[in-house]
Amino acid sequence: MTAPATSAEAPPARSLSGPAAQLAVQLALVAAVLAGAFAVLGPEQFINALTLGSIYALIAIGYTMVYGIIELINFAHGDVFMVGTFVSLALLGTLGFTAAVHDPLLLVVLLAGDFLVTMILLGVVGVVIERTAYRPLRTAPRLAPLITAIGVSFILQNLVQGVPPYFGYGPYATNAPQIFPTDAFLRVGGTNVPVLSLLILAVALGLMITLQLFVGRTRIGRSMRSTALDRDAAALMGVNINRTIAITFFIGSALAGAAGVTYGLQYGVTRFDLGFQAGLKAFTAAVLGGIGNTIGAALGGFIIGFIEVGAAAMGQARWGPAIVFGALVVVLVFRPAGLLGQQVGERA
Amino acid sequence: MKLTRLGAAIVAASLVVAACGGTSSGAKTLKIGISLPLSGSSLASAGPARDGALLAIKEANAAGTIKGYTLAPYVLDHAVNGQYDTQQGAKDMTTFVSDSAVMAVVGPFNSAVAKVQIPISNEAGLLQCSPANTNPDLTKGDGGKQLRAANPDKINYVRVATTDDIQGPAVAQFGVQDLGLKNIVIIDDQSVYGKGLADQFAAEWTKLGGTVVDRQGADPKTTDFLPILTKFASESPDSLFFGGVTANGGGLIRKQMPQAGLGDIPLLGGDGIQDQNGGVAGSYINIAGAAAANSYSSVAAIHDIPDAAAFKDKFTAEYKTDPGAYAASGYACAQVIIKAIETAASKGDVTREAVRAAGSDPNTTFDTVLGPIKFDAVGDTNQKIISLYKVDMALADGKGDWAFVKQINYGQ
């Protein structure tokens, strides 16, 4: 076996040989889950599940990337997503947009700007968090950064609340501007498909594919993979570890920011403690799919979306969370590494 | 060394505090606890109740109602992260119980909190008056007996709001008879209050010939009601009932109903969604936004209080704002407690037990801002009035507010 850091195109495979075959199997699994869900749920609930799943998946990817590279359960990640919802609403609110925008051109510009600014800002937030709370503890026992992660979570929640009514949003539910008309539907074969749901799904899938290409095909992606595999060896081969980890945090947090924007558009409301539940679900998604594995995290996010929506569709919404965590237990019993297996170094 | 010094500092500080407390004035101080959720989403509804109680205490002091004593309010907020918290509520009640100057407590606001507070206050024999609790099991039947296990015969918990076994059916009657609705879907927030109210509502709705098409309990933390609403939409209901409070999704459900194609049907709810106008952050109307129109709610208390103008004037003079839905109820609770302390003081027996006995005496008529009130053998008010409201988006400068529709008296 060649030294992992020098094998440019081969992420460590557990059961299957060749990255292409492995990817194909994983995508086939995703497709199978989707087909099954469509058959059970019917078109409307299927779309609800895809929308919710997209948001979970975007958050879960950031979780899993951070774990993949420094083996840290970043408990503050859900709160980064929450900050994203607030950055987006502050941005639109400052520009004076609080209601649906019906001019298509303006809407496209606004949405693009909203996503771009929120993602960059959140990326920077992620880098700052990594620099101040995690990097100083990188050689400390693993429990230490776990505790600072919880501290960061508290700091973010309280920063957003501020000192009402002087600044900040207080401990209330705050309305997020739904600039994308929520009453716009496409009629597809007898089903009203909300255009917003299509947009959210397209954004999520677009970002996931971009991420996959970025990690698989670029130089920085290669340093990320090698750092995840063996940090010391990567450093010896000339990879700038600090920069690579910072970039990972930037990307993960930017994705959480994108999730925040889509969340605001879809639900039109946010709260300072939104990150806790979202983070818990995203963490579950990441573990479900195999922590450290971005495709696994996305799959996990969609599965949780489908379970929750499925429970409601069967008239058992109150059992949704219980079934989600029940599924996690079952998966971990039979596949301790998650559905798609971990894609981290041998130490994991 | 450091620790010892810190300890010394704490001891010194507490001595100073104790000294200040002891030498405040010539008259002896009696405390009235106020136990409400006072931050976040809960403030919009519970804040006015606190203000009402504070106003009554201030007036009693100014008038010298209780000779030789000064009344001091002792406010504890049991909202954690902006939502009422049962554990904090229990802790606060323990704090009141362990402070011997506390004679009685106004509160709590939410039935789930009452459920954990009553056993504590009952064991200590501390009078408690809730301005807003409506769950019947807090007082009646086996539920009430269990909560009073320590002192079954000493009623220490009274309330000026009537109960959900009247409120739920009242909203159902209003929906079927006045609004002409028939096929309803129900969501509850799985809380003591929300589920109980929805049960009472559903039973009466069916009895009146209506159909409960579907019902689901929703996780109080969820923000995504679309899956539930989508399922409901496929069943073509003509109305939706929400049993729960705003903080657990009331406004959000209304906001998402148009997204699921249920924008045209009315939402009915209880007092849990009846909070302040659309200009107040975190209120039902504020969260639901434009979709809030076509929402109905109730309050398990009188709307047309006997001297509404006078109460409004003095409340507005004190707080520069109109009294909210529970201001009069908070004021009335404080009045009940002050009257009880007055009765105890007139007998020269200012103890918790005397105050409790006077406050829960079924033969006493309390002359409150809500009108004359008597409590029955388990502490429930004899004023069984339900007020009904509808959202009017033209009110509160276009931000929307609850407009009074009518009140129904079930007392006769």
Side-chain angles (χ1 to χ4, degrees), chain A residues 41-49 51-52 55-56 85 98-100 157 161 164-165 169-175 177-178 181-183 185 192 194 196-197 263 266-274 276-278 280-281 305-306 308-322, chain B residues 37-44 79-83 185 187-190 195 213-235 246-252 255-261 263 278 280-291:
Chain A
L41 292 179
E44 273 120 355
Q45 296 287 25
F46 183 73
I47 292 156
N48 281 338
T51 316
L52 185 63
I55 296 174
Y56 285 150
T85 64
T98 52
Q157 291 190 15
Q161 289 182 70
Y169 293 91
Y172 314 109
T174 306
N175 284 311
Q178 292 181 299
T182 50
D183 53 357
F185 294 101
N192 280 331
L196 178 57
S197 294
Y263 182 90
Q266 171 77 354
Y267 300 115
V269 75
T270 180
R271 262 170 73 106
F272 73 97
D273 60 354
L274 187 68
F276 179 74
Q277 281 286 316
L280 202 61
K281 299 274 170 61
F306 278 107
E308 289 195 343
V309 172
M314 319 255 169
Q316 301 298 335
R318 65 210 168 98
W319 290 105
Chain B
L38 294 170
S39 50
S41 328
S42 312
L43 182 64
V80 173
N81 285 339
Q83 247 165 311
V185 284
I187 302 182
D188 71 67
D189 67 356
Q190 297 185 271
K195 193 176 172 303
V213 181
D214 199 353
R215 175 169 174 180
Q216 289 214 43
D219 180 17
K221 291 266 180 217
T222 191
T223 51
D224 182 19
F225 292 96
L226 284 171
I228 297 178
L229 294 173
T230 303
K231 172 157 195 289
F232 285 169
S234 68
E235 295 157 339
T246 302
N248 288 350
L252 213 45
K255 187 180 199 135
Q256 292 175 7
M257 278 169 71
Q259 273 168 274
V280 179
S283 70
Y284 172 86
I285 302 173
N286 182 275
I287 295 171

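Chain letters run A, B, ... following the sequence lines, proteins first and then strands; every chain starts at 1. As the structure is a computational prediction, the values presented were derived from the model and not from experiment.
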**Request:** Indicate yes or no for a side-chain donor-acceptor contact from B/Glu235 to the backbone of B/Val213 under 3.5 Å, with no hydrogens or angles considered.
**Result:** no
**Heavy-atom closest pair, residues B/Asn286 and B/Val280** = CB-O, 3.3 Å
**Item:** Engaged part of B/Gln259 at the chain A interface, taking heavy atoms whose separation is under 4.5 Å
**Value:** both
**Request:** Measure A/Asp183 against the heavy atoms of chain B and call it side chain, backbone, both or neither at under 4.5 Å.
**Result:** neither
**Request:** Check each atom of A/Leu41 against the heavy atoms of chain B and say whether the ones under 4.5 Å are side chain, backbone, both or neither.
**Result:** neither
**Prompt:** Between B/Ser39, B/Gly251, B/Pro227, which has the largest tally of heavy atom pairs under 4.5 Å with chain A?
**Reply:** B/Pro227
**Asked** Taking NZ, NE, NH1 and NH2 as the nitrogens, is one of them in A/Glu44 or B/Lys231 under 4.0 Å from a carboxylate oxygen of the other?
**Response** no
**Message:** Test your reading of the model: is there a side-chain donor-acceptor pair from B/Gln190 to the backbone of B/Lys195, 3.5 Å cut-off?
**Reply:** no
**Asked** What part of B/Leu226 lies closer than 4.5 angstrom to a heavy atom of chain A: side chain, backbone, both or neither?
**Response** both
**Request:** Taking only Lys NZ, Arg NE, NH1 and NH2, and the carboxylate oxygens of Asp or Glu, determine whether B/Asp219 and B/Lys221 approach each other closer than 4.0 Å.
**Result:** no
**Prompt:** Does any heavy atom of chain B fall under 4.5 Å from the side chain of A/Pro194, the backbone, both, or neither of them?
**Reply:** neither
**Prompt:** For the candidates A/Gln157, A/Met314, A/Gln178, A/Gln277, which exhibits the highest count of non-hydrogen atom pairs separated by less than 4.5 Å from chain B?
**Reply:** A/Gln277
**Message:** Using modelled atom types and a 3.5 Å cut-off, is there a donor and acceptor pairing between side-chain atoms of B/Lys255 and backbone atoms of B/Gly289?
**Reply:** no
**Complete:** Looking only at B/Ile287, B/Ile187, B/Ile228, B/Thr222, most heavy-atom pairs under 4.5 Å shared with chain A are made by B/Ile287
**Request:** Quick one: which of A/Tyr263, A/Trp319, A/Phe276 has the most heavy-atom pairs under 4.5 Å with chain B, could you say?
**Result:** A/Tyr263
**Request:** Could you tell me whether B/Arg215 and B/Asp188 have a side-chain N and a carboxylate O separated by less than 4.0 Å?
**Result:** yes
**Asked** Which one, A/Ala99, A/Ala313, A/Gly310, leads in non-hydrogen pairs under 4.5 Å with chain B?
**Response** A/Ala313
**Request:** Sort B/Asp214 into side chain, backbone, both or neither according to what part of it lies under 4.5 angstrom from a heavy atom of chain A.
**Result:** neither
**Option in B/Pro220, B/Ala247, B/Ala290, B/Ala281 with maximal non-hydrogen atom pairs under 4.5 Å from chain A** = B/Ala281
**Prompt:** Would A/Phe272 and A/Tyr172 count as a close aromatic pair, with their ring centres under 6.0 Å?
**Reply:** no
